[in-house]
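Below is one structure; the comments refer to it alone.
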Amino acid sequence: MKRFFRFVFFLSLAVLLFWLGKQFGSKSVNQSILSNSQIVREIAELASLEVQGNATIKRSNIADDGEWTTNLKKAFLENTIWVSIPYLAKYGINADEKNFRITVSDKKITINLPQPKLLSYELKVDKMETSNRKGWFLFQDDETYTDVQKKLYQTSRGQLENNNLYINQSKEKLTKIIRQYYEPFLHDHELEITFGNSAPVLLN
C-alpha cells in the first residue's frame, strides 16, 4: 500500500510540474520535466507487476502403473506427499546510474531501462494444503515435509525467474506508465524505450 501511495505521489508531482510549466510558459520547467531522471526512475521502480498463483509438488516412491506388485507396495511401502502453497511474486526493475539513462533531444526522448526480473517471491505457508499417503511399514517424518517444501520453493522460483510471459507483462506495464508521464510532450516528441539489450519500443 505504501508503494502505491508513493507511486501516486510521484505521478501527481509530475502532472503538477507540467501544469506549472504550461501556466507560466517556462520552457526551462518543461525541459526539466523531460529530463528529470529521478522522478522517472522512482515511477518505474514503483510500477511492479504482482502475480499470484499456486506452487504444487508431488513426490512419490511408487509408480502408478497398475501392476499388482505396485499395488502391494502401495499397501506397505508407499510414501507419497502432495503439497500446494499459494505464492505472491513481484516483477520489476532495480534502476541505478549504470543501467538507467534518459536522453532528450528536440524531437526525441530516449529511455534506457534494465530488463525486468523477478524481484521478490513469497510462499504463503499459512495457506498450505497437503496430502500424505504412507504404507503400513512407514511412519510420519516431518523432515520429509521440510525437504519437499524446500524443493517446491527452489523449483517454482526458478520457473518464475524464467517466465517470459510475466517479464513481458512487466515491460508492457512499465511502458504504459512511462508513456503516461510523457503524454503531454508526445505531440512534438517521439518516445523510445529500451529494456536491456532488447529492441527499442518506439511510441508517439
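Contact between Phe195 and Pro114 at its shortest, heavy atoms only, is CD2-O, 3.6 Å. Shown here for Ser198 and Lys171, the closest heavy-atom pair between the two residues is OG-NZ, 4.0 Å. Between Pro116 and Ile167, the shortest heavy-atom contact is O-CG2, 3.9 Å. Summarising the geometry of Ser170 relative to Leu49, their closest heavy-atom pair is N-CD2, 3.7 Å, with the distance given to 0.1 Å. Smallest separation of non-hydrogen atoms from Ser48 and Lys173: O-NZ, 2.7 Å.
Taken to the nearest 0.5 Å, the CZ atom of Arg41 stands 12.0 Å off from the CD1 atom of Ile178. One distance of note links CZ of Arg101 with OG1 of Thr110; it measures 9.0 Å at 0.5 Å rounding. To the nearest 0.5 angstrom, Asn54 atom CG is 10.5 Å from Leu123 atom CG. For the atom pair Lys58 NZ and Thr56 OG1, the distance stands at 12.0 Å (nearest 0.5 Å). Taking CG of Leu165 as the start and OH of Tyr91 as the end, the distance is 8.5 Å to the nearest 0.5 Å. Distance CD/Glu50 to CG/Leu119: 11.0 Å, rounded to 0.5 Å.
Leu186 and Ile111 fall within the same hydrophobic cluster, where Ile, Leu, Val, Met, Phe, Trp and Tyr residues are linked whenever their side-chain heavy atoms come under 4.5 Å apart, directly or through other members. In terms of hydrophobic clustering, with Ile, Leu, Val, Met, Phe, Trp and Tyr side chains grouped at heavy-atom distances under 4.5 Å, Leu152 and Val125 are assigned to a common cluster.
Here the side chain of Lys117 pairs no donor or acceptor atom with the backbone of Glu161 at under 3.5 angstrom. A donor-acceptor distance shorter than 3.5 angstrom exists from the side chain of Asn99 to the backbone of Asn94, with no hydrogens or angles considered. In this structure a side-chain-to-backbone donor-acceptor pair under 3.5 Å is missing from Tyr87 to Val51.
Test Thr194, Val40, Ile102, Ile93 against Leu113 for side-chain contact (heavy atoms from CB on, under 4.5 Å) and you get one pass: Ile93. Of the listed residues (His189, Glu190, Glu192), just one forms a side chain to side chain donor-acceptor pair (under 3.5 Å) with Lys108, and that residue is Glu192.
By the 6.0 Å contact criterion, NZ on Lys127 is open, its count of non-hydrogen atoms from other residues, nucleotides or ligands being 12 or less.
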Residue pair Ile85, Tyr153: steps toward the side-chain contact (heavy atoms from CB on, under 4.5 Å) verdict: CA-CA 9 Å; Ile85 309 177; Tyr153 177 84; over 6 Å; no
Could you walk me through whether Tyr166 and Leu118 pass the side-chain contact (heavy atoms from CB on, under 4.5 Å) check? CA-CA 9 Å; Tyr166 293 143; Leu118 180 67; over 6 Å; no
